[in-house]
Amino acid sequence: MLGKLSWEAIPFDQPIPLFAAAIVGAVILAVLIWVALKGWIPYLWREWITSVDHKRIGIMYTLLAMVMLLRGFTDAIMMRSQQALAYRSGGYLPPEHYDQIFSAHGTLMIFFVAMPFMIGLMNFVMPLQLGIRDVAFPTLNSVSLWLTATGALLVNISLVVGEFARTGWLPYPPLSELTYSPGVGVDYYLWALQISGVGTLLTGVNFVTTVLKLHAPGMTYMRMPMFCWTTLASNLLIVAAFPILTATLAMLLLDRYLGFHFFTNAAGGNVMMFMNLIWAWGHPEVYILILPAFGIFSEVISTFSGKPLFGYRSMVMATMAICMLAFTVWLHHFFTMGAGPDVNAIFGIASMVIAVPTGVKVFNWLFTMYGGRVVYATPILWSLGFMVTFVIGGMTGVLLAVPPADFVLHNSLFLVAHFHNVIIGGVLFGGFAGYSYWFPKAFGFRLHEGLGKAAFWCWVIGFYLAFMPLYALGLMGMTRRMQHYDVPAWHPWLLVAGVGALVILAGIVLQIAQLAVSIRRREALRDVIGDPWNGRSLEWATPSPPPAFNFPILPRVEGAEAYWGIKQRAIAQARLGEEPSYAPIEIPRNSATGFICAFFATFMGFALIWHIWWLVALAAVGAYATFVVFAWRDRVDEIIPAETVARIDRANRDARLRALAGAQAAS
C-alpha cells in the first residue's frame with residue numbers, strides 16, 4: 001500500500017540529518033504556534049497565501065529564496081569544514097552523505113535560491129515599472145510560486161525520508177540510471193525539478209506576455225527601463241530552454257520507471273545525448289539568472305549616480321545579443337568528451353564572443369558613474385562589488401572557453417571557483433542589490449544602512465577568501481567533489497577557504513540582524529513619500545508599499561525616464577500635477593488555486609517517488625478538480641471604490657507636497 005516506503009527510509013543511523021531535521025521541524029512548529037496564538041492565520045490566508053497580487057507573490061518568492069539560501073549555505077559550510085578536516089582522514093561526513101550534500105547544495109542554490117530570487121524581484125518590480133496594474137495572468141502567477149515551493153519542499157523532505165541524489169546538481173547517466181542509483185535520491189531530484197520547472201515555464205510565458213503586451217500609455221519598448229528589457233530577455237530564454245529540461249528529465253524518468261534506454265549506451269541509447277540536452281538548457285540557464293541581475297545593476301547605478309543610464313540603446317542591443325548567443329555555447333561544458341577539434345573550436349569562439357556584450361554593459365555602467373554624483377548607499381556597494389568580482393569571473397570563463405586550457409582544468413576546483421565567481425558575484429550580489437534597493441518600496445521603510453554595509457563587506461571578503469584559493473587548488477590539480485585527500489600542499493588552501501565560508505556566515509548573520517533592527521526601528525526609517533532614493537522609474541511614483549491597484553490612473557509616459565520627467569516638472573513648477581478624476585478600479589480576485597494545486601502536487605510528487613500509485617491517482621483527481629472549479633468561477637474581479645482610490649492617492653500626494661515644499665524652502 002505504501003509502495004517502497006518503509007521505516008528503513010528514515011536514516012536512524014545518521015545523527016546529522018536527523019538532528020538538522022529536528023531543529024528545522026522545531027522552528028517550523030514554533031513559528032506556526034506563534035502565528036496561531038497571534039491570530040494571524042486568517043490574515044495570512046486571505047492576504048498572502050491566496051493572493052494573486054504580483055507584489056505579494058514577488059515578496060513570497062524572495063522569502064522562499066532567502067530561506068533556501070540558509071539551507072543551501074548550511075550544506076556549503078558542511079562541505080568546506082569536511083574538506084578542511086579530511087586531510088589524511090575521513091573527516092566527519094561519510095562518503096554517501098557527503099555526496100548527497102554537494103548534490104543538494106547545487107540543486108537548492110540554482111533552482112530554489114537564484115531562480116526564486118530573480119523571479120521574485122521581477123515579479124515585484126516589472127509591472128510597476130511598466131505602469132500597469134498586474135501581470136498578464138495573475139492566478140497563473142500564484143500557481144507558479146506554489147509549484148516552485150513544492151519542488152523546494154520535496155528536496156528538503158529527502159533529508160529525513162529516504163535520501164537525495166548523489167550525482168551532483170545535474171544527474172549524469174549512467175550514474176543516475178537504476179543500475180548505479182537504485183534508491184529514491186535521483187527520483188526526488190527528478191520530480192522536484194519537474195514540478196518546479198512547470199512553475200518556472202508558466203512564469204516565463206506570463207512575463208513575456210506582460211512585457212510585450214501590457215504597457216502604460218506612451219510606454220514604447222525603447223522607453224522601458226533596462227530592468228524590463230532584461231526581464232524580457234531572461235523569460236524568452238525560459239520559454240525556449242525549460243521545455244528542453246522538462247523533456248530531458250522526462251526521458252531519464254522513463255529510463256528509471258519503465259525500463260526505457262534513452263541514455264544507456266549498451267541498449268541502443270546515448271549518454272552524450274543527455275549531455276547535449278542538459279547543457280542546451282543549462283548554459284542558457286546561466287543567462288536566465290544573470291540577465292535580471294544586469295537589469296538591477298543598471299537601475300541601481302543610474303539612480304545612485306544621479307544620471308540616465310549611459311548608452312541605453314547599446315545596453316538593449318547587448319541584452320538581446322546575450323539572449324540569442326546563449327544558445328550557441330553549451331558544448332564548452334564537455335570539451336573533453338570527444339566532439340573533435342573543429343566543433344570545440346567553434347564553441348570556444350562562440351564562448352568568447354558572448355563575453356563582448358557583457359563587456360559593453362560593464363563599460364556603460366562605468367560611464368554612467370563617470371561624472372555623476374555617486375551616493376555610496378548599500379545597493380551601489382553591491383553593484384561595485386559585482387563589477388570587480390564578475391570581471392574576474394568573466395576572465396576565468398574566457399580561459400575555460402579555450403579548449404586546450406579546458407582539457408587541463410576541466411572538472412577541477414578551478415571550474416568550481418569560476419562558477420561561484422559568476423553566480424555569487426553576479427546573481428547573488430544582484431539579488432542583494434535589488435533587495436536593499438526595493439525593500440522600502442515593498443514594506444514602507446528602509447533597511448539599516450550600517451548593518452547593510454557591514455554585511456556587504458563580510459560577503460565580499462568572505463567570497464574572496466572562500467573561492468580564490470579554489471582557483472589555486474584547481475591549477476594544482478585538485479578535482480571537485482573530493483570527500484578526503486592526502487596531498488599536503490592542498491591543506492592550507494582549504495583551511496583558508498573554510499575561514500572564508502565563516503566570514504560569509506558572519507555576513508548572513510548581519511543581514512538577519514539588519515532585517516530585525518530595521519523592523520524594530522521602522523518608524524525612524526519610514527519612507528513617507530515613496531521615493532527614498534530619488535528614483536527615476538515609475539515604481540517610485542507610487543506610495544510605499546504600493547496599493548493593490550498600483551496606480552490610481554495609469555500614468556502617461558512622455559520620455560525615456562518616465563518618473564524623472566514628472567518629478568522634474570513638479571520641482572520646476574513647485575507643485576504637483578492636477579489631481580486626476582478617480583474612478584473605481586477592477587483588480588483580480590484572490591484565489592486559492594495555486595496553493596491547492598501545490599498541495600496536490602506535493603502529494604503526487606512524493607507518491608511518484610515512493611511508487612504509491614493510489615495516492616498518485618488521488619492527487620491527480622484533486623488537481624484536476626481544482627482546475628475545473630477555477631474555470632467555472634462566477635466572480636473573477638473585485639472592485640475598489642473610487643473613494644478608496646482617492647483616499648490612498650490623496651494621502652500620497654499630501655506627503656509629496658510637504659516634501660516638495662520642504663525642498664523648496666531648503667533651497
Side-chain angles (χ1 to χ4, degrees), residues 114 118 122 126 129 204 207-208 210-212 220-244 279-302 308-333 343-368 383 386-387 389-402 418-419 421-423 425-427 429-430 560:
M118 292 297 106
M122 289 188 286
M126 175 263 294
Q129 288 193 335
F207 285 6
V208 168
T210 302
V211 176
L212 291 180
T220 62
Y221 289 131
M222 295 311 293
R223 289 177 177 175
M224 292 194 307
M226 186 50 57
F227 186 65
C228 294
W229 274 106
T230 58
T231 295
L232 174 62
S234 175
N235 285 279
L236 285 170
L237 288 173
I238 287 175
V239 172
F242 263 79
I244 302 174
W279 283 114
W281 160 81
H283 204 84
E285 167 68 7
V286 175
Y287 297 103
I288 288 169
L289 297 175
I290 199 64
L291 282 170
F294 287 169
I296 293 167
F297 295 128
S298 298
E299 302 296 329
V300 167
I301 290 170
S302 175
L309 184 65
F310 180 88
Y312 172 85
R313 289 179 181 272
S314 65
M315 290 286 267
V316 171
M317 289 189 287
T319 298
M320 300 316 292
I322 291 172
C323 182
M324 292 184 288
L325 290 170
F327 281 101
T328 68
V329 296
W330 78 87
L331 195 130
H332 70 214
H333 289 275
V343 173
N344 283 358
I346 290 169
F347 280 87
I349 293 167
S351 302
M352 297 176 198
V353 168
I354 202 170
V356 174
T358 304
V360 169
K361 287 176 175 288
V362 173
F363 282 111
N364 281 1
W365 292 320
L366 291 172
F367 285 131
T368 302
S383 305
F386 149 77
M387 279 195 279
T389 307
F390 193 80
V391 166
I392 296 171
M395 288 189 295
T396 58
V398 171
L399 175 61
L400 288 169
V402 179
H418 159 70
F419 185 73
N421 206 155
V422 294
I423 295 298
V427 179
F429 283 14

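Starting from 1, each residue takes its place in the sequence as its number.
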Would you give the length of the straight line joining atom [atom1] of [X] to atom [atom2] of [Y], rounded to the nearest 0.5 angstrom?
| X | Y | atom1 | atom2 | answer |
| --- | --- | --- | --- | --- |
| T319 | I322 | OG1 | CD1 | 6.0 Å |
| I290 | F390 | CD1 | CZ | 4.5 Å |
| Y287 | M324 | OH | CE | 13.5 Å |
| F242 | E285 | CZ | CD | 4.5 Å |
| F310 | S302 | CZ | OG | 13.0 Å |
| I346 | S351 | CD1 | OG | 11.5 Å |

Hey, are the side chains of [X] and [Y] touching, using non-hydrogen atoms and a 4.5 Å cut-off?
| X | Y | result |
| --- | --- | --- |
| L325 | T328 | yes |
| L236 | M320 | yes |
| H418 | L399 | no |
| L232 | M126 | no |
| V316 | M222 | yes |
| L309 | I301 | no |
| T230 | F227 | yes |
| L366 | M387 | yes |

Quick check: closest heavy atoms across [X] and [Y], and the distance to 0.1 Å?
| X | Y | answer |
| --- | --- | --- |
| L237 | P284 | CD1-O, 4.1 Å |
| M352 | A401 | CE-O, 4.0 Å |
| G204 | V239 | C-CG2, 3.6 Å |
| M118 | V427 | CE-O, 3.6 Å |
| A293 | G430 | CB-CA, 4.2 Å |
| V329 | A326 | CG2-O, 3.7 Å |

Heavy atoms from other residues, nucleotides or ligands near CZ of F363 exceed 12 (cutoff 6.0 Å):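 At most 12 heavy atoms, drawn from other residues, nucleotides or ligands, come within 6.0 Å of this atom.
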
Judged by atom type as modelled, is there a donor-acceptor pair below 3.5 Å linking the side chain of [X] to the main-chain atoms of [Y]?
| X | Y | answer |
| --- | --- | --- |
| T396 | G393 | yes |
| S234 | T231 | no |
| N364 | Y312 | no |

Before you tell me yes or no, could you show the steps for V211 and M224 under side chain to side chain contact (heavy atoms under 4.5 Å, CB included), namely the whole-Å CA-CA distance, both residues' side-chain angles and the distance that decides it to 0.1 Å? CA-CA 9 Å; V211 176; M224 292 194 307; 3.8 Å; yes

Pick from W330, W279, F327: which one makes a ring pair (Phe, Tyr, Trp, His ring centres under 6.0 Å) with F347?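 One option only clears the test, and that one is W330.
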
Verify side chain to side chain contact (heavy atoms under 4.5 Å, CB included) between T358 and I354, making sure each step is shown before the conclusion. CA-CA 7 Å; T358 304; I354 202 170; 5.7 Å; no

Do W365 and F294 make the cut of ring centroids closer than 6.0 angstrom?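 When the ring centroids of W365 and F294 are compared, they turn out to be within the sub-6.0 Å range.
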
